[in-house]
> 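Shown below is the structure under consideration.
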Amino acid sequence: MIDKNGIRADGRRPDELRPVKLEVGVLGNADGSAYIQQGKNKILAAVYGPQEVHPRHLTIPDRALIRCRYHMAPFSVDERKRPAPSRREIELSKVVRGALEPSVFVEYYPRTSIDIFTEVLQADGGTRCASITAASLALADAGIPMRDLVVACAAGKIDGQLVLDLNDVEDKMGEADMPVALMPNYNAITLLQMDGQLTSKDFEKVLNLALDGCKQLYTLQKEALKSKYVAVKEEVKE
Ligand code: ADP
């Protein structure tokens, strides 16, 4: 998967992210929304809320309830995926919610729910991370007060080399994959998972590689948010 010049099968250097495109406010009907393309991944995120909780018995008296659904469209992978939520999607819904929740001032909105939906339109490895990056932008777009944006990226090991932002093939054939989510201004990690095996030295190096990837994506996240509001400002002027 890595040639003798150290270049990966998709032409990237080991420490290079896939090309990323981020867009904010792409859906008219949701309170907040965002779209991410990261390599071949294409993911939409939408947020509703804060709003009244249904069913009511889930209401939390002193804070907002955050719910999340990570879903893969049937056409997102090479063989049709059954549309009903799989065990993996139920797990990833929890993983994405857990990564985002520390960033939201939930105590500002007692007795409400904030509902986050991420819809994977095309998958190519690292969709949980890309979903987190997009969903955090959708939360910001919905005007929900947050401590910081959350940004996520994986790093791992393939062919004995440490690499950033693994694609599907690298994830499946590689030795290890470590998804990390970060609130960069707080230097707080909100998600840390690992598949495979690493020595403790490599573990630290891979973690730092993932954190570097997160910081690069954070710059793009902020640019995407700013460009939405520049566009809105220009519309208002007109
Ligand atoms: P992540 O997408 O966060 O890396 P996984 O490691 O579970 O999560 O999945 C890796 C990749 O495997 C996905 O991004 C996707 O490309 C592929 N994949 C997941 N589920 C399916 C499926 N049902 N059919 C085919 N490919 C799948």
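Residues: numbered from 1 along the sequence shown. Here the structure is a predicted model, which is why all the values come from computation and not from measurement. Whatever order the structure lists them in is the order used to number ligands and atoms, beginning at 1.
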> Is there a side-chain contact between Asn41 and Ile36 (heavy atoms, below 4.5 Å)?
no
> Membership question, hydrophobic clusters at under 4.5 Å side-chain separation (ILVMFWY): are Leu44 and Val150 in the same one?
no
> So, using side chain to side chain donor-acceptor pair (under 3.5 Å) as the criterion, who are the partners of Gln122 when residues are at least two apart?
none
> Just the distances, no angles: every ligand 1 N or O to protein N or O pair closer than 3.5 Å, one line each.
residue, atom, partner, partner atom, Å
ligand 1, 2 (O), Arg88, NH2, 3.4
ligand 1, 2 (O), Gly126, N, 3.3
ligand 1, 2 (O), Thr127, N, 2.8
ligand 1, 2 (O), Thr127, OG1, 2.5
ligand 1, 3 (O), Thr127, N, 3.3
ligand 1, 3 (O), Arg128, N, 2.9
ligand 1, 3 (O), Arg128, NE, 2.8
ligand 1, 4 (O), Gly126, N, 2.8
ligand 1, 4 (O), Asp171, OD2, 3.4
ligand 1, 6 (O), Asp171, OD2, 3.1
ligand 1, 7 (O), Arg88, NE, 2.7
ligand 1, 7 (O), Arg88, NH2, 3.4
ligand 1, 7 (O), Arg128, NH2, 3.4
ligand 1, 8 (O), Arg88, NH2, 3.0
ligand 1, 8 (O), Arg128, NH2, 3.0
ligand 1, 9 (O), Arg88, NH2, 3.4
ligand 1, 12 (O), Asp168, OD1, 3.2
ligand 1, 12 (O), Lys172, NZ, 2.9
ligand 1, 14 (O), Gly125, N, 2.7
ligand 1, 16 (O), Gly125, N, 3.3

> Tyr108: which residues meet the ring pair (Phe, Tyr, Trp, His ring centres under 6.0 Å) condition with it, sequence neighbours left out?
Phe105
> Under the rule for side chain to side chain donor-acceptor pair (under 3.5 Å), what residues qualify as partners of Asp168, not counting sequence neighbours?
Lys172
> With side-chain contact (heavy atoms from CB on, under 4.5 Å) as the criterion, how do Thr219 and Lys215 come out once you've worked through the C-alpha distance, each side chain's angles and the decisive distance to 0.1 Å?
CA-CA 7 Å; Thr219 310; Lys215 285 170 195 159; over 6 Å; no
